[in-house]
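Written out below as structure tokens is the structure these notes cover.
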Amino acid sequence: MTEQQQGAVYAPDAAFAAHAHVTAQSYARDYARSVQDPVAFWRQEGQRIDWIRDYTEVKDTSFAPGAVSIRWFGDGTLNVAANCIDRHVATRGSQTAILWEPDDPQAEAKHISYTELLEQVSRMANVMKAQGVQKGDRVVIYLPMIPEAAYAMLACARIGAVHSVVFAGFSPDSLASRINDCGAKMLITADYAPRGGKKTPLKSNADKALLDCRDDVKCMVVKHTGDQISWVQGRDIDVKAEMAAAKPYCAYVEVGAEDPLFILYTSGSTGKPKGVVHTSGGYLVYAAMTHQMTFDYHDGDVFWCTADVGWVTGHSYILYGPLANGATTLMFEGVPTWPDAGRFWAVCEKHKVNQFYTAPTAIRSLMGLGPEWVEKYDLSSLKLLGTVGEPINPEAWNWYNTHVGKGTRPIVDTFWQTETGGHLITPLPGAIATKPGSATKPFFGVQPEILDPATAEVQSATEAEGVLCIKDSWPGQMRTLWGDHARFEEAYFSQYKGYYFTGDGCRRDGDGYYWITGRVDDVINVSGHRMGTAEVESALVAHEKVAEAAVVGYPHEIKGQGIYAYVTLMNGVEPSEELKRELEAFVRHEIGPIAKPDLIQWAPGLPKTRSGKIMRRILRKIAENDHGSLGDTSTLADPSVVEDLVANRMNRG
Ligand code: 6R9
């Protein structure tokens with residue numbers, strides 16, 4: 001990217017803006033309204049979904065220390081599945097709701113209409129009910145990217161059960177800890193998860209996980225690939241067979257706006273993963289509204305979000321947002337690089353995709369394989385491109401814009417989190433000029449503030465840098481951490497009193513544009529997946545040959561950040577390349593492949609303060625190959641430790 005492009009500003013295209021849901025004028029007017037009178041604003045926006053009993057209350061929220069409480073549309077009742085399915089059946093029953101593209105490009109895609117979706121979700125709900133699942137019960141879903149994953153999530157919503165989807169790349173241990181933490185009554189899994197021509201043995205992972213769970217947890221199994229699996233009589237249930245025999249309609253139940261819809265586990269800076277709780281009414285309003293406005297979704301468009309349903313992006317923008325809007329949403333089982341690096345673009349051409357939403361890490365990995373893979377396909381159906389998960393570097397932005405967007409499609413860089421339910425800071429494509437690398441401006445109702453991390457003072461100047469906090473609630477915000485409201489307050493509302501703290505650093509430029517600079521806590525972002533360094537450390541120290549471990553992130557060309565582990569071995573254990581492989585495999589086994597360290601350095605000692613605290617700042621600098629600026633090391637108990645670490649550093653790139 002040239003210097004000129006670096007500072008480039010891309011104004012919305014006039015023809016695009018002419019048909020857009022939000023224009024520059026309406027954004028300015030409605031954003032002001034949304035923050036000046038949030039109650040009036042959201043009272044009106046809440047009507048974009050159907051309520052069984054309409055709400056009279058709108059906003060009842062407090063970020064006050066010790067009394068954080070968040071309620072939206074509190075006295076309203078609804079059913080989320082009815083909003084995502086039933087209300088569309090009369091007007092667009094034969095329209096495709098879910099367009100499923102399998103891993104194998106030779107296999108047939110499935111077009112599941114709204115009418116068929118109602119039947120499949122009803123059958124699944126009836127099977128779950130027959131197994132004793134009731135309103136409020138938790139159901140863990142550990143499935144590949146197959147239609148049954150959507151059926152299972154929506155079936156839970158239909159009967160008022162709370163789902164917790166666990167990404168199919170997680171290990172049996174990670175799965176077991178989630179089942180136990182939320183006290184799930186049922187696990188829904190499949191025989192195998194095919195991806196990129198390889199198969200993950202989900203059922204055998206589930207069998208291992210269930211050994212560590214209460215023995216009354218039911219296990220429903222989708223026979224997807226049809227491969228041989230083991231079967232526990234009396235516990236395992238063949239979902240497809242039961243669905244075929246079940247009644248094709250299931251009435252939906254009435255739930256309160258603040259009844260939980262799902263729990264999603266995500267990494268924090270300390271301890272085990274946190275069970276983020278989203279409720280029904282506010283979440284759905286926010287997911288639907290952001291889906292429509294950020295992507296400028298119009299009736300009849302084919303929308304494709306490439307995330308996995310195991311992450312929040314899949315929840316809000318494969319399932320709930322699009323379906324609440326009566327959209328056609330594409331669900332893809334495969335990976336971008338199999339059978340070749342043209343797969344994304346082949347799918348865009350095949351299904352005439354209109355909006356395409358992916359992660360910068362995917363763009364970077366495809367960029368390295370050359371633009372010829374993109375040029376082969378007709379991408380004229382695309383109207384808009386999006387990114388999510390991490391900051392996008394200018395090179396990747398430029399490549400996406402030039403080769404995929406042909407220089408004419410808006411790119412929306414959407415900043416948000418598992419905790420926020422939907423987009424927080426994002427361009428609205430007909431309204432806000434974009435600058436590559438900036439998530440631009442806040443969505444309606446969102447009030448970002450930049451605080452000084454040392455003094456906690458709000459930076460009132462337009463140009464500012466510090467930590468990103470949000471001043472007041474929006475309907476998509478998480479409500480609590482499952483079973484641990486105290487930790488919820490501690491993690492998000494205690495550092496900066498009266499504010500929601502995102503954990504991200506941020507800069508605001510002279511035009512009031514926000515530039516996310518990355519996490520300021522001990523969370524690292526590997527290929528758009530959140531990983532707590534503490535989680536990887538506790539996996540490493542669980543190995544019998546490891547005495548101590550410290551994990552930090554370092555810049556990685558494709559993944560954004562890589563995992564760098566400093567490992568101190570037990571006395572008498574000899575370091576070797578073989579042992580490194582063993583530790584990598586061990587972490588994969590404990591957490592899952594996404595947590596595997598990219599670089600392991602043997603550390604005879606770790607830099608510690610005299611009080612025994614590991615000085616991560618120094619370890620980060622060494623991992624970043626920035627050891628010239630280690631800063632003040634005088635408080636170290638043993639400064640010579642650092643010399644050894646610098647001399648033997650792994651990242652010399
Ligand atoms: C949706 C999702 C959240 C963290 C977040 C931030 C990073 C997400 C970003 C971005 C810069 C963007 N992040 N989107 N950073 N620009 N457009 O990714 O949720 O998995 O919870 O991760 O991801 O660091 O705090 P989640």
Side-chain angles (χ1 to χ4, degrees), residues 165-167 169-170 262-269 273-278 283 286-287 290-291 294-295 305-318 320-321 357-364 385-394 396-397 400 411-427 432 434-443 446 448 467-470 476-478 481 491-492 500-508 513-533 535 553 559-561 594-595:
V165 183
V166 176
F167 176 56
F170 279 118
F262 65 85
I263 305 167
L264 195 53
Y265 287 85
T266 191
S267 297
S269 49
K274 306 183 278 198
V276 168
V277 176
H278 282 286
Y283 170 79
Y286 201 71
T290 48
H291 172 259
T294 304
F295 303 114
C305 162
T306 70
D308 191 283
V309 288
W311 311 115
V312 75
T313 307
H315 284 58
S316 299
Y317 301 114
I318 295 177
Y320 291 115
Y357 188 38
T358 197
T361 184
I363 298 168
R364 284 193 298 269
L385 306 174
T387 65
V388 56
E390 50 176 319
I392 183 162
N393 51 311
W397 193 95
Y400 200 30
I411 298 180
V412 291
D413 173 352
T414 63
F415 166 78
W416 60 295
Q417 309 176 300
T418 306
E419 294 87 341
T420 72
H423 306 145
L424 274 194
I425 299 180
T426 178
I432 300 172
T434 59
K435 301 182 186 187
S438 170
T440 76
K441 300 265 185 168
F443 193 75
V446 174
V467 295
L468 179 65
C469 291
I470 313 293
Q477 187 174 23
M478 72 186 291
L481 287 173
Y492 302 102
Y500 167 75
F501 173 45
T502 60
D504 282 292
C506 186
R507 182 169 70 80
R508 188 167 54 214
Y513 274 52
Y514 291 86
W515 301 73
I516 308 297
T517 52
R519 302 288 304 197
V520 295
D521 52 12
D522 289 319
V523 170
I524 51 185
N525 192 327
V526 185
S527 300
H529 301 321
R530 264 167 78 163
M531 209 60 245
T533 52
E535 275 171 80
K559 300 178 178 185
Q561 278 189 299
I594 55 170

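One-based numbering, in listed order, for ligands and for the atoms of each.
- Near Asp413, with a cut-off below 4.0 Å to any heavy atom, the atoms of ligand 1 are 12 (C), 16 (N), 17 (N).
- Proximity of Ala439 to ligand 1, defined as any heavy-atom pair under 4.0 Å, is not found for any part of the residue.
- Thr361 places no side-chain N or O within donor-acceptor distance of the main-chain N or O of Gly528, the cut-off being under 3.5 Å.
- Residue-level proximity to ligand 1 for Val523 is absent, since no heavy atom of it falls below 4.0 angstrom.
- Residue-ligand proximity, Thr313 to ligand 1, at heavy-atom distances under 4.0 Å covers atoms 1 (C).
- Using modelled atom types and a 3.5 Å distance limit, the side chains of Glu419 and Tyr492 yield a donor-acceptor pair.
- Scanning all protein heavy atoms for the shortest distance to atom 23 (O) of ligand 1 gives Gly389 O, 3.2 Å.
- Side-chain N or O atoms of Thr414 include one that pairs as donor or acceptor with a backbone N or O of Thr387 at under 3.5 Å.
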For this session: For the pair Tyr357 and His291, evaluate ring pair (Phe, Tyr, Trp, His ring centres under 6.0 Å) and give the outcome as yes or no after the intermediate values.
Result: CA-CA 11 Å; Tyr357 188 38; His291 172 259; 9.2 Å; no
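- Of the residues listed (Tyr283, Tyr320, Tyr286), the one engaging His278 in a ring pair (Phe, Tyr, Trp, His ring centres under 6.0 Å) is Tyr283, and it is the only one.
- Listed by number with element, the atoms of ligand 1 under 4.0 angstrom from any heavy atom of Asn525 are 7 (C), 23 (O).
- Below 3.5 Å of separation, one finds an N or O of Arg530 facing an N or O of ligand 1.
- Under 4.0 Å from ligand 1, heavy atoms of Thr418 appear from its side chain as well as its backbone.
- Inclusion of Asp504 in the set of residues having an N or O under 3.5 Å from an N or O of ligand 1 is warranted.
- Interatomic distance, Asp504 CG to Gln417 CD, rounded to the nearest 0.5 Å: 5.5 Å.
- Atom 12 (C) of ligand 1 has as its closest protein heavy atom Glu390 O, 3.5 Å.
- Within the structure, the closest approach of Trp311 to ligand 1 does not fall below 4.0 Å when heavy atoms are considered.
- For atom 11 (C) of ligand 1, the closest non-hydrogen atom of the protein is Pro391 N, 3.1 Å.
- At least one donor-acceptor pair under 3.5 Å links the side chain of His315 to the backbone N or O of Val309.
- Nearest protein heavy-atom neighbour of atom 3 (C) of ligand 1: Trp416 O, 3.6 Å.
- For the pair Thr266 and ligand 1, the shortest N or O to N or O distance does not fall below 3.5 Å.
- In summary, the atoms of ligand 1 found under 4.0 Å from a heavy atom of Val388, numbered by their order in the structure, are 1 (C).
- In this structure, the side chain of Gln561 engages the main chain of Asn525 through a donor-acceptor pair within 3.5 Å.
- Atoms of ligand 1 lying under 4.0 Å from any heavy atom of Thr414, numbered from 1 in the order shown and given with element: 9 (C), 12 (C), 14 (N), 17 (N).
- In terms of modelled atom types and a separation under 3.5 Å, the side chain of Tyr400 and the main chain of Gly386 share a donor-acceptor contact.
- For the side chain to side chain contact (heavy atoms under 4.5 Å, CB included) with Thr533, the qualifying choice from Val523, Ile524, Asp521 is Ile524, the only one to do so.
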